[in-house]
Each structure stands twice: as C-alpha cells, then as structure tokens.
J.: 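Take a look at the following structure, please.
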Amino acid sequence: MSVRVRIAPSPTGLIHVGNIRAALFNWLFARHQGGTFIVRIDDTDVARSLPEYERDILDGFRWLGLDWDEGVEVGGPHGSYRQSDRFDRYQAVAHDLVSRGLAYFDDRTQEQLEALRVRAQAEKRHPNFYIRRPLEAATGGAIRFSVPQEAAVEFDDQVREAMRFEPETIDDFVILRTDGIPTYHLASTVDDVDYDISHVIRGEDLLPSAPKHILLTRALGATPPAYAHLPLILGFDGKPLSKRHGDTSLAAYRHGGYLPEAMINFMSLLGWSLDSDRTIFSREEAVAVFDLARVSKNPATFDLDKLAWINGEYIRALAAPEFIERARPYLTTGLGRDLDQSEWARFAAIAPLVQERIKLLTEAPGQVSWLFSDVLDYDQASWTKVMGDGSAEALVEAVRRLEGVTEWEAGAIEVALRAMLDELGINARKGLQPLRVAVTGSAVSPPLFESMAVLGQDRTLERLQKAIDRLR
RNA sequence: GGCCCCGUCGUCCAGCGGCCUAGGACGCCGGCCUUUCAAGCCGGAAACGCGGGUUCGAAUCCCGUCGGGGCUACCA
C-alpha cells in the first residue's frame with residue numbers, strides 16, 4: 001500500500017504553528033516513506049473561509065519548503081482539493097447512507113436538542129441516550145449518522161497505541177446540515193476515502209473524533225486509514241496556545257526575522273527527536289530517520305528562547321553572501337530607506353561581524369545604523385558610563401595617530417591605536433571604549449578596528465573630533 | 001458531569017527491567033577568552049508527581065491517587 005498523507009487546514013484565519021507542525025510531520029513522514037504529501041483545503045465552513053487565508057496557508061508552506069505533490073494549485077488525479085467544490089459528492093454520500101439505513105433525518109431544533117442534552121446530563125446518562133432516534137422518525141432536516149451499537153471501535157494509533165471506544169459513548173453525529181452543507185466529519189472522511197489517504201496524522205484534539213471517522217469510513221465500504229494523533233503545542237505558561245501568547249501565526253515568524261530552516265528544525269523538536277543528543281540537524285537528516293513511533297505522547301511547550309537560539313545557530317552557519325542577501329529586506333525596513341551601492345558595500349564589509357552577533361534578522365539594522373547616518377545619535381547611558389578621566393586625552397591622541405595611517409584597514413588601525421595605548425599607559429578598556437562611543441554612539445558595537453575601517457578615515461576622524469568638542 | 005489522552009530538570013527531548021550515582025539541548029549561574037557586545041570553550045545548580053504492588057532488581061510493568069489537557073456544536 002502506498003503512503004498518501006494530507007494536511008487539511010481550514011482557511012478561517014492565519015495559519016498558526018500548531019497546524020504547521022502537523023503539516024511538517026505529515027511531510028516528514030511522506031518524504032521518509034517515499035509517499036505522497038497532499039494539501040487539501042477544508043473550507044466547509046463557507047461563512048468564515050476567506051481566499052486570503054488560503055493564500056496565507058500556501059505561502060507559509062512554500063516559505064518553509066514543504067512542497068506538496070498533490071493538492072490546491074498543483075492538482076492531481078482526484079479532482080478538486082478544495083472541499084467547497086465537492087458539496088454534491090458529500091450530499092450524495094449522505095443521502096445514500098440514509099437509503100441504506102446507516103443514517104437518518106433529524107428535524108429537531110437546536111433548542112430541543114439542547115434540552116435533551118441538559119436532561120441527559122441531569123440524569124447522568126450519555127447524551128446519545130436521548131439524541132439517538134429511530135431511522136424513520138423524520139423525512140427532512142439534518143442527517144445524522146447512526147452509530148452501530150454492536151461493537152466497540154478499536155484501532156491502533158501510531159503514536160498512542162491501542163485505542164478503544166465503547167459504542168454507547170459515541171453520539172449519532174450530524175453529517176449533513178439542514179442547509180445541505182456537509183460537516184467536517186463527513187467531508188473529511190469522504191475525502192480521505194476518495195483520495196486514498198493511508199495515514200491521517202493530526203492533532204490530539206481530534207482523537208475523540210477518530211472512532212466516528214472510522215465508523216463512517218466502514219459505512220462507505222472502505223478500510224480506515226492508520227491514525228496518528230500528535231501531542232498538542234502549549235504556550236510558555238503551559239496553557240493552550242492562544243492570542244494571550246502573542247502572535248502565533250506563521251506569518252509573524254516569517255516577517256519577524258526567523259529563517260525557515262530554523263523554524264523547521266525547531267518544530268521538528270516539538271514532540272519528536274532525531275536521537276538523544278542532536279539538536280541542530282537539517283531537514284534531510286530528519287527525513288532520513290523520521291518515524292511516527294518515536295513521536296512523543298505528551299504536550300510540548302513552544303519555547304521562544306530555544307527557537308531564537310536555533311535561529312542564531314542557523315544565521316551564523318550562513319555563508320556571508322547568503323547572510324547579506326537574507327538580511328537585505330530587514331535592513332531597508334529597519335533603516336527606513338534604501339541603501340545606495342556604496343552603502344551596501346560597507347554593509348557587506350562588516351556583515352560577517354554582525355552575523356555572529358544576532359539571533360534574529362530583525363536585529364541587523366540596529367547593529368549597523370551608526371554606519372549610515374550623518375549625524376550620530378549618542379546613547380546617553382553609554383556616553384556617561386564610558387567618558388571619564390583620560391577619555392579626552394585618548395581621543396586626541398587617537399586622532400593624531402590615525403591621521404598618520406596611510407593604509408586605512410583594520411590591521412593598520414589596530415597597530416596605531418595599540419601604540420597609543422602604550423604611550424598613554426592605559427589599558428584597552430579604558431582607552432578604546434571612548435573611541436567606540438565616539439565612532440558608533442554606543443558602548444556596544446561590532447569590533448572597533450573593523451568598524452573604523454568600514455566607516456572610512458575621514459568620517460572616523462570627524463566623529464572623534466566631534467566627541468572631543470563635546471567633552472569640552 | 002461523561003468519554004478520552006498525558007505526567008523525567010523551569011522548558012524541549014533521551015530512557016522502553018539491570019549499562020541510571022538518570023543523558024543531551026535551551027534557559028539560568030560561575031569562570032576562561034577578550035577593545036564592548038556576541039560567539040566560542042570550561043564548570044555548576046536543576047527532574048523520574050504521590051502511594052501501593054509485581055520482580056533478585058523499576059524512571060521503565062500493573063493498580064490506585066493526584067495533577068494537567070482534549071472532546072462533549074447542524075465549528076473545524
């Protein structure tokens with residue numbers, strides 16, 4: 001049997017990390033098995049589904065490199081991969097089930113049903129005791145699936161192992177609404193059958209729905225797929241991920257300076273591990289060993305600090321030109337303007353030093369803004385902390401020495417300034433920090449000699465002079 | 001309430017009866033390096049929820065208990 005898996009998000013909002021992790025695990029499994037990865041759009045909720053959300057989902061998958069073999073925008077041999085195109089099919093299935101005595105019409109109102117649930121609760125009975133009706137009780141309304149009461153539903157979950165649900169605890173669920181729109185249970189199950197899905201890999205929140213889907217699949221005359229229910233992802237406080245934890249949409253990370261390969265690596269670790277001691281690994285390495293049996297059963301907390309660390313690791317591992325290219329859009333938005341060619345050259349010269357100092361691409365502009373502004377913006381705290389006794393002398397002596405440097409590059413600058421330190425008899429901290437603040441405006445910056453080299457001799461001297469004036 | 005899932009350092013993961021005086025990583029603390037900040041290197045604190053069994057032996061198996069979570073819609 002060939003492996004065919006799908007991710008079926010609903011376009012009712014921006015796709016979030018929970019969905020993405022499910023997509024990733026489906027993708028890893030498919031690639032490891034040499035199977036087919038399908039992207040389907042579950043838009044049965046026509047009122048809330050929006051085209052822009054569908055676009056967001058697909059953009060997100062593309063950004064992460066989760067390429068799909070069949071599905072929306074790619075096609076495949078199974079017709080449409082958008083459920084709103086297939087309502088006829090679901091309706092036909094629902095009516096066929098009715099005619100075969102496996103489902104029935106239910107014309108009761110929501111209020112009546114709610115009253116029955118309340119009554120069941122009060123009498124400590126399962127709701128199904130009152131919800132369930134004889135097959136021929138009505139001839140119109142919604143269509144409910146009639147859950148067979150003969151046997152328990154048992155299946156072997158790929159991550160949770162033996163599962164068993166007693167029939168009286170599974171309620172007769174609606175498969176087709178009064179308005180003819182299918183419910184998630186029907187559409188999803190019919191599609192999984194029609195598209196020959198072999199493994200359903202999804203969040204644990206759907207575990208209680210699994211017996212319903214299995215029963216429905218059997219009613220359709222098909223063999224149920226294998227199921228694998230992934231642990232849920234929680235926020236930093238151990239509570240379910242929600243708006244409270246900030247923006248959990250993938251888009252927020254996509255624009256927040258994160259690298260897609262770092263996101264993939266990090267999310268792979270949410271409920272899975274390559275082995276006992278590797279944290280950083282490529283997607284190819286993950287594909288090579290991915291195994292559902294090794295997926296953890298307990299919920300995973302989304303740890304932003306760890307994501308940031310992983311992102312930093314990936315940034316540092318980038319080849320310099322690659323880093324410059326990736327940082328480019330963040331630089332123009334962060335600096336608020338486009339850089340000209342000579343400015344880009346200057347950035348390129350200092351980029352490797354920036355690269356090892358940031359965890360997010362969004363931090364890049366802050367590291368080099370001093371390089372691109374004509375009037376330096378001194379950080380007041382840095383100034384007061386660094387400028388003290390001897391600072392003026394150091395600055396004056398530095399100017400004198402640096403004026404004499406004929407070949408303006410980091411090595412020569414260092415030689416000149418070391419000589420200055422010797423002559424003044426002061427240590428590097430005391431002698432160099434004032435220069436740093438004078439040149440970059442801050443006590444924290446990329447290495448000084450390289451920074452001066454990139455800034456240029458004239459501008460460096462100019463800034464040193466300005467600081468001297470300011471001290472008087 | 002009912003049904004179901006889960007329970008190893010603060011966090012993620014390893015462990016699937018003896019290799020465990022419980023391993024790795026993030027974070028935290030300390031040190032080294034050092035022109036600042038990072039990075040890097042070295043070291044440290046830090047966990048098997050609890051109670052019973054089973055067994056020569058349990059983090060690993062069983063039962064209970066407590067705790068966390070999911071589902072319980074004509075949402076998905």
Side-chain angles (χ1 to χ4, degrees), chain A residues 8-10 12 42-45 47-49 106 108-110 113-114 117 120-122 124-128 141-144 157 160 163-166 168-171 173-185 187-188 203-211 229 231-232 234 236 238-240 266 269-280 294 296-310 312-313 316 353-359 363 367 382 385-386 414 417-418 421 427-433 435-437 440 442-449 451:
Chain A
S10 294
T12 54
D42 278 16
D43 56 350
T44 51
D45 188 346
R48 292 196 299 147
S49 293
D106 182 355
R108 289 169 293 185
T109 65
Q110 301 271 14
L113 292 166
E114 186 50 35
R117 286 194 187 91
Q121 168 110 252
K124 296 193 195 306
R125 290 182 184 281
H126 192 278
N128 207 32
I143 295 178
R144 245 175 230 289
D157 191 280
R160 266 148 236 283
M163 291 294 121
R164 178 190 171 92
F165 292 83
E166 297 302 330
E168 64 273 16
T169 67
I170 308 168
D171 50 73
F173 53 101
V174 170
I175 56 177
L176 198 70
R177 290 182 264 252
T178 304
D179 61 8
I181 293 178
T183 62
Y184 159 74
H185 297 302
S188 177
E204 195 199 324
D205 51 330
L206 265 352
L207 187 52
S209 297
H229 289 93
L232 262 19
L234 308 177
F236 48 77
K239 299 289 177 195
F266 173 68
L269 259 11
L270 259 25
W272 185 74
S273 62
L274 188 83
D275 59 30
S276 64
D277 48 43
R278 300 272 318 269
T279 301
I280 302 293
R294 275 180 57 82
S296 156
K297 295 181 182 67
N298 35 17
T301 301
F302 195 87
D303 184 354
L304 261 183
D305 284 338
K306 188 157 185 170
L307 204 211
W309 173 76
I310 289 177
E313 290 284 307
R316 270 172 262 127
L353 297 174
V354 172
Q355 191 176 354
E356 62 185 53
R357 283 172 170 68
I358 61 176
K359 287 181 173 174
E363 296 165 21
Q367 288 273 329
S382 292
K385 183 175 137 209
V386 162
E414 175 163 14
L417 293 178
R418 295 270 179 217
L421 293 178
N427 63 26
R429 179 183 296 266
K430 197 152 187 286
L432 263 26
Q433 279 298 83
L435 308 198
R436 183 188 307 283
V437 173
T440 71
S442 168
V444 176
S445 83
L448 184 61
F449 312 133
S451 294

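Because the structure is a prediction, the values reported are computed rather than measured. Letters go in sequence order (proteins before strands), and every chain restarts at 1.
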J.: With a 4.0 Å limit, can you tell me whether A:Arg117 has a side-chain N or O closer than that to the phosphate oxygens OP1/OP2 of B:C74?
T.: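 For A:Arg117, the contact criterion (side-chain N or O under 4.0 Å from OP1 or OP2 of B:C74) is met.
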J.: Think A:Arg48 has a side-chain N or O under 4.0 angstrom from the OP1 or OP2 of B:A76?
T.: no
J.: Under 4.0 Å, counting only non-hydrogen atoms across every strand here, what does A:Ile181 touch: a base, just sugar-phosphate, or nothing?
T.: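 Nothing, no heavy atom under 4.0 Å.
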J.: Is any side-chain N of the basic residue among A:Glu363 and A:Arg357 closer than 4.0 Å to the acidic one's carboxylate O?
T.: no
J.: Just compare B:U36, B:A76, B:C13 and give me whichever is closest to any side-chain atom of A:Arg357.
T.: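 Given the options B:U36, B:A76, B:C13, the side chain of A:Arg357 is closest to B:U36.
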J.: Could you tell me which nucleotide pairs with B:A45 by Watson-Crick or G-U wobble geometry, both distances under 3.5 Å, or answer none if nothing does?
T.: none
J.: Could you tell me how far apart A:Asp205 (CG) and B:C3 (P) are, to the nearest whole angstrom?
T.: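 Result: 21 Å.
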J.: If you check the A:Asp45 side chain, which of B:G10, B:A76, B:C13 turns out closest?
T.: B:A76
J.: Which part of the nucleic acid, if any, lies within reach of A:Lys297 when heavy atoms closer than 4.0 Å are counted: base, sugar-phosphate only, or nothing?
T.: sugar-phosphate
J.: Which of these nucleotides, B:C5, B:C3, B:G27, is closest to any side-chain atom of A:Phe165?
T.: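 Looking only at heavy atoms from C-beta outward on A:Phe165, the closest nucleotide is B:C3.
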J.: Can you tell me how far CZ of A:Arg117 sits from CD of A:Gln110, rounded to the nearest 0.5 angstrom?
T.: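 One gets 8.0 Å once the value is rounded to the nearest 0.5 Å.
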J.: Nearest to the A:Ser273 side chain among B:A25, B:A38, B:C13, which nucleotide is it?
T.: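 It is B:C13.
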J.: If you check every side-chain atom of A:Arg436, which of B:U35, B:G24, B:A25 has the closest atom?
T.: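 So the nucleotide nearest the side chain must be B:U35.
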J.: Which part of the nucleic acid does A:Arg278 contact within heavy-atom distance under 4.0 Å: base, sugar-phosphate only, or nothing?
T.: nothing
J.: Using a cut-off of 4.0 Å on non-hydrogen atoms, how would the nucleic acid contact of A:Arg125 be classed: base, sugar-phosphate, or nothing?
T.: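 A:Arg125: no heavy atom of the nucleic acid under 4.0 Å.
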J.: Are side-chain heavy atoms of A:Arg160 and A:Pro231 found at a separation under 4.5 Å?
T.: yes
J.: Please pick, from B:G27, B:C71, B:C74, the nucleotide with the shortest atom-to-atom distance to any side-chain atom of A:Lys359.
T.: B:G27
J.: Checking all strands, does A:Pro299 fall into the base, sugar-phosphate, or nothing category for heavy-atom contacts under 4.0 angstrom?
T.: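 Sugar-phosphate contact only.
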J.: Of all the nucleotides listed (B:U35, B:C37, B:A25), which has the minimum atom distance to the side chain of A:Trp309?
T.: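 From the listed options, B:A25 comes nearest.
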J.: Would you mind telling me which of B:U35, B:C74, B:C12 lies closest to the side-chain atoms of A:Thr301?
T.: B:C12
J.: Counting the atoms with a prime plus P, OP1 and OP2 as sugar-phosphate, which does A:Gln110 contact under 4.0 Å by heavy atoms, base, sugar-phosphate, or nothing?
T.: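 The residue A:Gln110 makes base contact.
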J.: OP1, OP2 of B:C3 versus side-chain N and O of A:Asn128: anything below 4.0 Å?
T.: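 No.
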J.: In Å and rounded to the nearest 0.5 Å, what is the OG to CG distance from A:Ser445 to A:Leu435?
T.: 10.5 Å
J.: Can you tell if the side chain of A:Ile358 reaches within under 4.5 Å of the side chain of A:Gln367, non-hydrogen atoms only?
T.: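 The answer is yes; the side chains approach within 4.5 Å.
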J.: Rounded to whole angstrom, note down the C1' distance from B:G64 over to B:G7.
T.: 15 Å
J.: Base, sugar-phosphate, or nothing: which does A:Thr178 touch, judged by heavy atoms less than 4.0 Å apart?
T.: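 Since a base atom lies under 4.0 Å of A:Thr178, the category is base.
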J.: Report which part of the nucleic acid A:Glu313 touches: base, sugar-phosphate, or nothing (heavy-atom distance under 4.0 Å, all strands).
T.: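 It contacts sugar-phosphate atoms only.
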J.: Quick one: are A:Asp171 and A:Pro127 in side-chain contact, heavy atoms under 4.5 Å?
T.: no
J.: Have a look at A:Gly312 and say if it touches a base, only the backbone sugar-phosphate, or nothing, with a 4.0 Å heavy-atom cut-off.
T.: nothing
J.: From the list B:U35, B:G10, B:A76, which nucleotide is the closest neighbour of the side chain of A:Phe449?
T.: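 The answer is B:U35.
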J.: Between B:C26, B:C74, B:G69, spot the one nearest the side chain of A:Ala142, thanks.
T.: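 Shortest atom-to-atom distance from the side chain points to B:C74.
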J.: Look at all strands and tell whether A:Phe173 reaches a base, only sugar-phosphate, or nothing, counting heavy atoms closer than 4.0 Å.
T.: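 If one applies the 4.0 Å heavy-atom cut-off, A:Phe173 turns out to touch nothing in the nucleic acid.
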J.: Hey, does A:Arg294 reach any base, or is it just sugar-phosphate, or nothing, if we go heavy atoms under 4.0 Å?
T.: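 Since only primed, P, OP1 and OP2 atoms lie under 4.0 Å of A:Arg294, the category is sugar-phosphate.
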J.: Could you tell me whether A:Ser445 contacts a base, only the sugar-phosphate backbone, or nothing, with contacts defined as non-hydrogen atoms closer than 4.0 Å?
T.: base
